[in-house]
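To keep things clear, I will list the structure first and then write my remarks on it.
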Amino acid sequence: MEDIVSNFDLVLSGFWITLQLAFWSALGSLVIGALLVAMRVGPVRVLALFATSYVNIVRNTPLLVIFILVFAGFPALDLLVGTPFLVKGIVTMTIYTSPFVCEALRAGVNSVQLGQAEAARAIGMTFGQTMTQVVLPQAVRASVPPLTSVIIAMTKNTSIAAVFGLAEATARMRGFTNNNADDRILIFLVFALGYIVIVEAISGASWLLERRWRTVR
Amino acid sequence: MTAEAAPEPGQIHAGTGEPLVVLDGVNKWFGSLHVLNDIDLSIARGEVVVVIGPSGSGKSTLCRTINRLETIQQGSITLDGQPLPAEGKQLANLRAEVGMVFQSFNLWAHKTILENLTLGPIKVRKTSKADAEKRGMELLERVGIAHQAQKYPAQLSGGQQQRVAIARALAMDPKVMLFDEPTSALDPEMIKEVLDVMVDLAQRGMTMVVVTHEMGFARTAADRVVFMADGAIAEENTPEEFFTNPRSERAQDFLGKILKH
């Protein structure tokens, strides 16, 4: 009890790293996921094939394996050598989460009526303009609920980074429980509460977005 | 905007005579279905051509081939002397010159009415936002929707949405306007407001290809009626001649069915 109170700054610093990891990974995943979905539904067959393969391969690979690949495999190929652990963690989470974002967005793209894209093409927009101006903005609106689930799952997945030397929340929790075996339940509850706050914040943001866009329709 | 003000019927080419859209030996199949069968059609600048025919006759497909929303397998289509490009930037440029109005309006649901009118000019024509909005408001004024400029499409009635869709196409200053059954999804009392806008457009000299079931519009505004059946042009004539004295048996049969009620 005393330990976690007197060292509460460690709890906060752990969640600060978790937050940074989650924020930048979410941003990266949303951007890469949007690119992947544009390739998947686009007219260029090679790109569609690439995006489909990427989604299927990465989605079928455990997150732990991708962590090992980035932290142990990449340096062997002279990639990401000397990069901070936080950045490596973000790269890993982005690689893993972007296919899920792609598929959530694709559900949204499928929900956009064909006529919307047809009207864009008919007015002279290129494929890229049709996607960025007309299809994706509407697809994102329809994808908010599944995207929220993806981002929440991703936030909780960041805890795996604890194993790879990132002093994020779960790593800090392990430190506390190792030193204070009697207070395990309390420590666990404190950290669980931290994750709950983050996840509820994401849910709240998603709720606000949905409410704002509903009036638009 | 009424029948009295319509251009004088009885002349096939009300336009300047020089062809703007030319379809030559166009053929298209959907699988084994021959949807367009040897279509030859020349549309003069300023001419209003109404395409009618039973459903499944290929009239919508014909309309959609002119801006290549449907590809063709044989023949050629030229616009202002230029053959339709295949894919890519040139095709996009060509489509910017061809306005299209759809049966289901297809206004962009996430954009306001005014944004629907300015998006094309800003993104495709690289017009400044201020100029695009000024022109957009003028066009909304013209179709009678200016007071709804900040609303979203779903907040408008079908007739209003279709008038906005016409204004959206006009905002690109197209050389020709294609109408693919523009009133078929509308409640009866809203059809007139859309047809009024189209008649006005015809009187201003716009080149128009209109696929429709509105025989009243064909009589009022068309320079020529093209009757399609089974993917081919079965008959073409002035509206006056076509409706009072159809020559082909298919047209007689079709008119007999629709004009009896």
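Order of the sequence lines fixes the chain letters, A, B, ..., with proteins taken first and strands second; residue numbering starts at 1 for each chain. Just the heavy atoms: all of them, side chains too, but no hydrogens, waters or symmetry mates, feed the values below.
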- B/G120 to A/I123 - nearest heavy-atom pair and separation: CA-CG2, 4.3 Å
- Query: Counting heavy atoms not belonging to A/Q113, are there more than 12 under 6.0 Å from its CD?
  - Reply: no
- Message: Taking NZ in B/K123 as the centre, count heavy atoms belonging to other residues, nucleotides or ligands within less than 6.0 Å. Is the count above 12?
- Response: no
- Which atoms of B/K89 approach chain A - backbone, side chain, both or neither, heavy atom under 4.5 Å: side chain
- Can you say whether B/L107 sits under 4.5 Å from chain A via the side chain, the backbone, both, or neither, judging by heavy atoms? backbone
- Item | From A/E118 atom CD to B/L69 atom CG, the distance as rounded to the nearest 0.5 Å | 5.0 Å
- Task: Apply the test side chain to side chain contact (heavy atoms under 4.5 Å, CB included) to residues A/Q133 and B/L119: give CA-CA distance (whole Å), side-chain angles for both, the deciding distance (0.1 Å), then the verdict.
- Result: CA-CA 8 Å; A/Q133 300 297 321; B/L119 190 63; 3.5 Å; yes
- Note on the structure: The reported gap from CZ in B/F102 to CD in A/Q116 (rounded to nearest 0.5 angstrom) is 10.0 Å
- Message: I'd like to know whether CZ of B/F30 has more than 12 heavy-atom contacts from other residues, nucleotides or ligands below 6.0 angstrom.
- Response: yes
- Query: Should we count CH2 of A/W16 as having more than 12 external heavy atoms under 6.0 Å?
  - Reply: no
- Message: Minimum heavy-atom separation for A/Q138 and B/A109, please, with both atom names.
- Response: OE1-CB, 3.7 Å
- Query: Are any side-chain N or O atoms of A/Q129 and backbone N or O atoms of B/V124, one a donor and one an acceptor, separated by less than 3.5 Å?
  - Reply: no
- Message: Need one label for A/A117: side chain, backbone, both or neither, based on atoms under 4.5 Å from any heavy atom in chain B.
- Response: neither
- Task: Determine yes or no for a side-chain-to-main-chain donor-acceptor pair under 3.5 angstrom, with B/H110 supplying the side chain and A/R141 the backbone.
- Result: no
- Shortest non-hydrogen pair, B/M100 vs A/A122, comes out as CB-CB, 4.0 Å
- Task: Could you give me the CA-CA distance, side-chain angles and deciding distance for B/W108 and A/V135, then say whether side chain to side chain contact (heavy atoms under 4.5 Å, CB included) is met?
- Result: CA-CA 9 Å; B/W108 297 309; A/V135 178; over 6 Å; no
- Item | Under 4.5 Å from any heavy atom of chain A - which part of B/R125 | neither
- Query: Is the number of heavy atoms from other residues, nucleotides or ligands within 6.0 Å of CZ (A/F85) greater than 12?
  - Reply: no
